[in-house]
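Quick one: structure below, then a few questions.
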There are 2 protein chains.
Amino acid sequence: MYSKDLIRGTLRTIVLKLLKENGRMYGYEITQKVKELSSDQISLTFGALYPTLHKLEKEGVLTTISEVVDHRTRKYYSLTSKGDAAAKVKIDEYFAFSKTMNLIMSS
Amino acid sequence: MYSKDLIRGTLRTIVLKLLKENGRMYGYEITQKVKELSSDQISLTFGALYPTLHKLEKEGVLTTISEVVDHRTRKYYSLTSKGDAAAKVKIDEYFAFSKTMNLIMSS
DNA sequence: CTCTATATTTAAGTTTCTTATATATAACAT
DNA sequence: ATGTTATATATAAGAAACTTAAATATAGAG
């Protein structure tokens, strides 16, 4: 596991990227997907994820549909058209930032 | 300028890396160096930097020496031996994290 | 019948960051 | 003379974000 301060600040970017690639996803699914893609190196906590999802929904970036599967409620999140644009911006920004950070970290 | 949440969490890593490469530095110098290396894309704020420097000093990662240059006080920060080890860990961790993030962001 | 996995939510407390302010010197321009 | 910009550090109030923990609920495995 990476230190928490490094993971910090990438949550929104990760969420938007995953939703862009996978269409609709529910919260628990997002945490599992991130675990899988990172070989268990990044573990999103619910206390951080859900407030972020709710905030993005409030901002009009995400919409939700609740469905009951196996008697358990699932709340699916999808990007709105606004969210799709926001995801593009965030993804581009991430790569630019990463390039800049690599410059600093290789100086 | 990148969004604040992306810069978030990289402050400690940047400070430790710069001090490792440049020996002693003072706060203002760190902000200028980061501006320079990032082509003005990353601007560390004093309100974030100084509390972090003070915290690292308190943790025994940094030591300080004050000098007066041109009638202005400068407080030079350097890595302790503990800080040197901490810098190594943080730098390695950054590159590992970056690799993992790139996997997620390229999925 | 207990533990683990699935699934979401909230709330208290802590940390961290933003923004603003205070203090001080010096160089340069008006 | 006077104001602006650059240099240099520090602190404090408030906001934002995260950590940790607890609450609620179903289902399968041992």
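First the proteins, then the strands, lettered A, B, ... as listed; each starts at 1.
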How close or far is atom P of D/dT7 from atom CG of B/Leu44, stated in whole angstroms?
->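 It works out to 15 Å between those atoms.
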Interatomic distance where CG belongs to B/Asp70 and P belongs to D/dA8 [whole Å] | 8 Å
In terms of the angle between their ring planes, are A/Tyr2 and B/Phe97 parallel, tilted or perpendicular, with boundaries placed at 30° and 60°?
->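 Plane angle over 60°, so perpendicular.
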When all nucleic acid strands are considered with a 4.0 Å heavy-atom cut-off, which category describes B/Gly27: base, sugar-phosphate, or nothing?
-> sugar-phosphate
Nearest listed nucleotide, side chain of A/Pro51, among C/dT10, D/dC18, C/dT9 =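 Nucleotide nearest to A/Pro51's side chain: C/dT10.
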Figure out the OH/C1' separation between A/Tyr28 and C/dT9, and round it to whole Å.
->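 The answer, rounded to whole Å, is 16 Å.
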Could A/Lys88 and A/Asp84 be called an ion pair, given the rule that one side-chain N must be under 4.0 Å from one carboxylate O?
-> yes
Atom OH of B/Tyr26 to atom P of D/dA8: distance rounded to whole Å?
->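 Rounded to whole Å, this separation is 4 Å.
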So, is A/His71 near the phosphate of D/dA25, with a side-chain N or O under 4.0 Å from OP1 or OP2?
-> no
Test item: side-chain donor near acceptor, A/Lys17 and B/Ser107, under 3.5 Å | no
Which nucleotide, C/dT16, C/dA7, D/dT9, lies nearest any side-chain atom of A/Arg8?
->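 Nucleotide nearest to A/Arg8's side chain: C/dT16.
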Using whole Å, report how far CD1 of A/Ile7 lies from P of C/dT16.
-> 15 Å
OP1 or OP2 of D/dT19 less than 4.0 angstrom from a side-chain nitrogen or oxygen of A/Thr45, does that happen here?
->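 Result: yes.
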D/dA16, C/dT9, C/dT8: which one has an atom nearest the side-chain heavy atoms of A/Lys55?
->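 Nucleotide nearest to A/Lys55's side chain: D/dA16.
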Would you say B/Lys4 reaches C/dT19's phosphate, i.e. side-chain N/O to OP1/OP2 under 4.0 Å?
->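 So the side chain of B/Lys4 is within the cut-off, an N or O lying under 4.0 Å from OP1 or OP2 of C/dT19.
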Could you state the OH-C1' distance from B/Tyr77 to D/dA8, rounded to the nearest angstrom?
->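 After rounding, the reported distance stands at 11 Å.
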Describe, in one word, how the ring planes of B/Tyr26 and B/Tyr76 are oriented to each other, choosing from parallel (under 30°), tilted (30 to 60°) and perpendicular (over 60°).
-> perpendicular
Separation of A/His54 atom NE2 from C/dA7 atom C1', in whole Å?
->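 After rounding, the reported distance stands at 12 Å.
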For B/Gln32 and D/dA8, give me the distance from atom CD to atom C1', rounded to whole Å.
->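 To the nearest whole Å, that distance equals 10 Å.
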Short side-chain donor-acceptor distance under 3.5 Å, B/Thr64 and B/Glu57 =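 Yes, side-chain donor-acceptor contact under 3.5 Å.
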What nucleotide among D/dC18, C/dA7, D/dT9 has an atom nearest to a side-chain atom of A/Leu11?
->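 Looking only at heavy atoms from C-beta outward on A/Leu11, the closest nucleotide is D/dC18.
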OP1 or OP2 of D/dA8 under 4.0 Å from side-chain N/O of B/Arg74 |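 Answer is yes, contact under 4.0 Å.
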Kindly point out which of D/dT26, D/dC18, C/dA26 is positioned nearest to the side chain of A/Arg72?
->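 The closest nucleotide is D/dT26.
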Given C/dT8, is OP1 or OP2 found less than 4.0 Å from the side-chain N or O atoms of A/Tyr50?
->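 The answer is yes; a side-chain N or O of A/Tyr50 sits under 4.0 Å from OP1 or OP2.
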